[in-house]
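Here's the structure we're looking at; comments come further down.
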Protein chains: 2
Amino acid sequence: MAGPAAGQGRAVRPPASSPRVAVDAVLFTISDDRLQTLLVNIKTGPFAGRWAFPGGLVELGESLDGAAYRELYEKTGVRDLYLEQLFTFGDAGRDPAWHTVAVAYFALVPHFERGLKRGDKYADIDWFPVHDLPQLAYDHSAIAAYALKRLQAKLGYTNIVYSLLPDEFTLREIQAIYEVILNHKLDRRNFRRKILALGLLKPLPKTRHGAHRPAALYTFTQRRPMNVGVL
Amino acid sequence: MAGPAAGQGRAVRPPASSPRVAVDAVLFTISDDRLQTLLVNIKTGPFAGRWAFPGGLVELGESLDGAAYRELYEKTGVRDLYLEQLFTFGDAGRDPAWHTVAVAYFALVPHFERGLKRGDKYADIDWFPVHDLPQLAYDHSAIAAYALKRLQAKLGYTNIVYSLLPDEFTLREIQAIYEVILNHKLDRRNFRRKILALGLLKPLPKTRHGAHRPAALYTFTQRRPMNVGVL
DNA sequence: GCAAAAGTGTTGAGATTACACCCATGC
DNA sequence: GCATGGGTGTAATCTCAACACTTTTGC
């Protein structure tokens, strides 16, 4: 990490003649039938005790994407995630300690159990349901709103759902993700037709058994971002 | 990567421990039936003589939008333009002088004659057709491509054309803008029906006279960004 | 056998596309 | 009066949403 105060509370830094640069990442996952995001609890500074998205200063020579990856890897240990630059927030007042331009990212991972490391930078780290977030530090509420909006929009014209799903899944499970994120019900039959028509799913010769008729399992033929008309 | 190399090129700034922040603005206009962008000619440093989008470092305490406005106002004298944050480019190598994170903007103005000020920062300033740009400095070719893509997409689902048009215009003139930017012909009659169905245009009791039958003049009822299904 | 979820098909409304035709003006 | 672009209408096609029915399992 660069400097003594990298990240935590965005504390004091020797005066410079220009704003500094940080990345903040909104990591989404689906868990417990809800859309959740990863938050860290700030240890020191004006926002001590408040929750915020994980982030930190960009080091000299480091790419923005690289910095976002690094931050998330340090916290979660996850390397394989969908990561996309969201928006850059740069108002002078957003960080009381020093004018900090934050390049916000949004990221997606399939749900995983445990593995969160709070490090010594933060007091705590945990998942929170998007529709029931605590009061956030900095302007992170605005970032949260923006990230959710982007996620909802991208579900409609890309195949990024794949990054929220395990290798094998049923059609019902994809649909559940759409419904949770978009926050409204979809017609089972129309959804099925649409998603299959894209040709991105391969049926597996297996089924998932539950309380009733077993459902066919599918897998993605390609796990890379593509623009397709889903909705 | 983090290290020396402060002195050379346009770096007029003492070594710091982190990247610096700049804004670059891609200003589009329609002129001579072509989509054009404003470029400045760089005076000194490793890219001396090359063309680039106008931009500059963000001052401490200044907002990003504010910095972009300021840059464009200094060059063009225009205050009323459509301005939107595009993407942030931050690879370490993009500026050989010092790691510089550039927040790129894209902006739209109706065509205006003259008023460009090169200031003493640049050797020259001029409009260039987007489909015939010179070799650009930094990673500005990537920025140009990204900006064009965004502009083309936004034409389809927003009303931002208004920012490229004067107060009064004919339907043919709007259509011409769409055709030039999207780079393909549209059906005159279908376009007409679609654009009128949006209810954003008000017919004026005037006509524009040319070589043939005069065309009705229209004006926008509202000149602010909105999401609407144009195409 | 029955409840519940999986899987398949159909139909009507509305949007989109591809046109043909008349109208008004300058020359 | 005629060439040229402006203005209006319409039929065929496609897409999308709403819905009914059959199938397969666990209990």
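Protein chains get the first letters and strands the later ones, always in sequence-line order, with residue 1 at the start of each. Keep in mind that the numbers below use all heavy atoms, side chains included, and drop hydrogens, waters and symmetry copies. Please read all numbers here as calculations on a predicted model, not as lab measurements.
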How close or far is atom [atom2] of [N] from atom [atom1] of [X], stated in whole angstroms?
{"X": "Arg189(B)", "N": "dA11(D)", "atom1": "CZ", "atom2": "C1'", "value": "13 Å"}
{"X": "Ile195(B)", "N": "dT8(D)", "atom1": "CD1", "atom2": "P", "value": "16 Å"}
{"X": "Lys194(B)", "N": "dG7(D)", "atom1": "NZ", "atom2": "C1'", "value": "19 Å"}
{"X": "Leu196(B)", "N": "dT8(D)", "atom1": "CG", "atom2": "P", "value": "8 Å"}
{"X": "Phe191(B)", "N": "dG9(D)", "atom1": "CZ", "atom2": "C1'", "value": "19 Å"}
{"X": "Asp187(B)", "N": "dA12(D)", "atom1": "CG", "atom2": "C1'", "value": "15 Å"}
{"X": "Arg193(A)", "N": "dC19(D)", "atom1": "CZ", "atom2": "C1'", "value": "11 Å"}
{"X": "Lys185(B)", "N": "dC19(C)", "atom1": "NZ", "atom2": "P", "value": "17 Å"}

Exercise. Going by modelled atom types, is there a donor-acceptor pair between the base of dA6(C) and the side chain of Arg213(A) at under 3.5 Å?
Worked result: yes
For this session: Look at the side chain of Arg188(B) and decide which nucleotide, out of dT4(D), dT16(C), dC21(C), has an atom nearest to it.
Result: dC21(C)
Exercise. Counting side-chain heavy atoms from CB outward, which of dG5(D), dG7(D), dA18(C) is closest to Ala215(B)?
Worked result: dG7(D)
For this session: On DNA chain C, check which nucleotide each of Leu231(B) and Pro214(B) is closest to and give me the residue with the more 5' one.
Result: Leu231(B)
Seminar exercise, completed: Comparing Asn190(A) with Gly210(B), nearest DNA chain C nucleotide closer to 5' gives the residue Asn190(A)
Exercise. OP1, OP2 of dG5(D) versus side-chain N and O of Arg172(B): anything below 4.0 Å?
Worked result: no
Problem set entry | Any side-chain heavy-atom pair of Leu35(B) and Ile30(B) under 4.5 Å | yes
Problem set entry | More than 12 heavy atoms from other groups under 6.0 Å of NZ on Lys206(B) | no
Exercise. Heavy-atom count around Asp80(A) CG within 6.0 Å, excluding the residue itself: above 12?
Worked result: no
Problem set entry | For Val21(A), the option from Thr100(B), Thr88(B), Val103(B), Val21(B) that meets side chain to side chain contact (heavy atoms under 4.5 Å, CB included) | Val21(B)
Problem set entry | Full working for salt bridge (Lys or Arg N to Asp or Glu O under 4.0 Å) between Arg208(B) and Glu173(B) | CA-CA 11 Å; Arg208(B) 168 156 308 162; Glu173(B) 285 163 3; 2.3 Å; yes
